[in-house]
Visitor: 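The structure's right below; bear with me while I get my questions together.
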There are 2 protein chains.
Amino acid sequence: MVKHFEKIEQLVASLDLKTQLFLDKIEKTKFFNKGDILLSAGSVCRKSFHVRSGIVRKYYIQNGKEITTDFCFEDDIALAYTSYTFQQPSTEFIDCLTDVKVSITHREQWEAAKKRFPRLLELDLLLTEIHAGALEEDLLDLRTLTATERYEKLLTQAPELLQHIKLTHIASYLNISLETLSRIRAKF
Amino acid sequence: MVKHFEKIEQLVASLDLKTQLFLDKIEKTKFFNKGDILLSAGSVCRKSFHVRSGIVRKYYIQNGKEITTDFCFEDDIALAYTSYTFQQPSTEFIDCLTDVKVSITHREQWEAAKKRFPRLLELDLLLTEIHAGALEEDLLDLRTLTATERYEKLLTQAPELLQHIKLTHIASYLNISLETLSRIRAKF
DNA sequence: CCCAAAATTTGACCTACATCAAAAAATTAG
DNA sequence: CTAATTTTTTGATGTAGGTCAAATTTTGGG
């Protein structure tokens, strides 16, 4: 769930045509089915998944329980951030909550592209800044909001999410047990 | 508390001399006293504070209570990240827990430097990636560890911190009440 | 349309940690 | 060195939200 969409658009639009064409050339469209796993914990994340349609989820497993860290919709880029950046084994899984269409770019090719078209560094930086900003916000929320407040915030900021995603996943995303979430919802 | 120190060093070392000299030129050394405030919530963060000695703390105030988000020691860069990046009013304060020596660089000049020496974009990106990585780890810890486990982790990863910093601040950093932290410590 | 499986709700109980209050220990200033 | 102030500990009590179990509702395949 990345915001700041306009900023990204704007930067991409300001790139020269050659760069944009190159980016198009190194990405490949693929289709996955609901339930398919795009990345497993333990393996190194070497591709980015630019979601074109459908819903993708990032999660890790803690004591046999799935903990959702993010949902990715159209235009979001799904990747296991730390694994991708530092080329370490991922702690996260990435899977498809629906049938999905994604544009895949391999990290190597993206790195090469950045070498060849240095302005892509600006894009990479912007994306990373936005990611960090979102993490800071999540951290703040987790520290200061109660379970109910976190739910309410989600409700106002991303109500569409509740239409499409199972409560189990939403509960783990909000760091609330399924039962508690159900009780919160009962009182509106 | 930034790790990955070697990576940064390495990248800086790989910059050509002109770039390095330029960086030196735009930064200014200043001294502050214990208790001094480097940035207040509400104002926009326009400088970065590279800590040379002493301890700096970042925190925000929630219902009249200070919540510490980070401690910065020698070599760390203290700034209100989101405010600095997007030039919004900061939610965070930055203050000095001890007398402090810092190198200050103004954002404008840093931005200009990036324009003039594009390889600095790589440095900026690296710093942002490291920041994001740390945030991801904090988030994971907050989601999965108990109060005791968070304290133990701090104890093994940054024991020096406990020597120098008041328990009130450590408690708020760990998102634990002061009393609970005291009880955790009582049982070693 | 119906049944099996999955998702959600409801109920009873429990626990980690917060809060409030006061005592004890450590620090600082005069 | 002592009093005043700050920091930390200890005690008593409260509560948000977790866990386990069972009932209900929804969903999807045949």
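Values in this document were obtained by computation on a predicted structure and should not be read as measured data. Lettering follows sequence order; numbering is per chain, from 1. Values below: all heavy atoms of this structure, side chains included; hydrogens, waters and symmetry mates excluded.
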Visitor: Is there a donor in the side chain of B:His131 and an acceptor in the side chain of A:Glu136, or the other way round, less than 3.5 Å apart?
Guide: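 Yes - a donor-acceptor pair under 3.5 Å links their side chains.
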Visitor: Strictly below 4.0 Å, heavy-atom distances to any atom of DNA chain D: list the hits from residues 162-169 of chain B, or just say none.
Guide: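 Within this stretch, B:Lys166, B:Leu167, B:Thr168 sit under 4.0 Å of the strand.
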Visitor: Take the protein atom CG of B:Asn63 and the nucleotide atom P of C:dA18, then report the distance between them rounded to whole Å.
Guide: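 That distance rounds to 15 Å.
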Visitor: Just by distance, with hydrogens left out, do B:Arg46 and B:Tyr84 show a side-chain donor and acceptor under 3.5 Å apart?
Guide: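 There is no such pair (donor and acceptor under 3.5 Å, judged by atom type) between the side chains of B:Arg46 and B:Tyr84.
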Visitor: How many Å lie between CZ on B:Arg185 and C1' on C:dA26, as a whole number?
Guide: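 So the CZ-C1' distance, B:Arg185 to C:dA26, works out to 13 Å.
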Visitor: What is the distance, rounded to the nearest whole Å, between atom OH of A:Tyr151 and atom C1' of C:dT9?
Guide: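 My rounded result for the distance is 14 Å.
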Visitor: Do the charged groups of B:Arg57 and B:Glu66 touch, with an N to O distance under 4.0 Å?
Guide: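 Salt bridge between B:Arg57 and B:Glu66, a charged N being under 4.0 Å from a carboxylate O: yes.
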Visitor: Centroid separation under 6.0 Å, is that true for the rings of B:Tyr60 and B:Phe93?
Guide: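 Ring-ring flag for B:Phe93/B:Tyr60: false, centres at least 6.0 Å apart.
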Visitor: Decide whether B:Thr85 and B:Thr82 meet the rule of one side-chain donor and one side-chain acceptor closer than 3.5 Å.
Guide: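 Side-chain D/A pair, B:Thr85 to B:Thr82: absent.
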Visitor: When you compare the protein's N or O atoms with those of nucleotides 16-21 of chain D, which come within less than 3.5 Å of each other, and at what distance?
Guide:
| from | atom 1 | to | atom 2 | distance (Å) |
| --- | --- | --- | --- | --- |
| D:dG17 | OP1 | A:Ala147 | N | 2.8 |
| D:dG18 | OP2 | A:Ser177 | N | 3.0 |
| D:dG18 | OP2 | A:Ser177 | OG | 3.1 |
| D:dG18 | OP2 | A:Thr180 | OG1 | 2.8 |
| D:dT19 | OP2 | A:Lys65 | NZ | 3.3 |
| D:dT19 | O4 | A:Arg183 | NH2 | 3.1 |
| D:dC20 | N4 | A:Glu179 | OE2 | 3.3 |

Visitor: Give a yes-or-no answer on whether the side chains of A:Ser90 and A:Ser83 include a donor-acceptor pair shorter than 3.5 Å.
Guide: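 A:Ser90 vs A:Ser83: no donor-acceptor pair found between side chains.
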Visitor: Does the gap between the ring centers of A:Phe71 and A:Tyr173 come in under 6.0 Å?
Guide: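 Judged by ring-centre distance (under 6.0 Å), A:Phe71 and A:Tyr173 do meet the cut-off.
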Visitor: Over how many whole Å does the gap from A:Asp99 atom CG to D:dG28 atom P extend?
Guide: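 In whole Å, D:dG28 P and A:Asp99 CG are 13 Å from each other.
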Visitor: Is any NZ, NE, NH1 or NH2 atom of the basic residue among A:Lys153 and A:Glu137 found under 4.0 Å from an Asp or Glu carboxylate oxygen of the other?
Guide: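 Yes, this pair counts.
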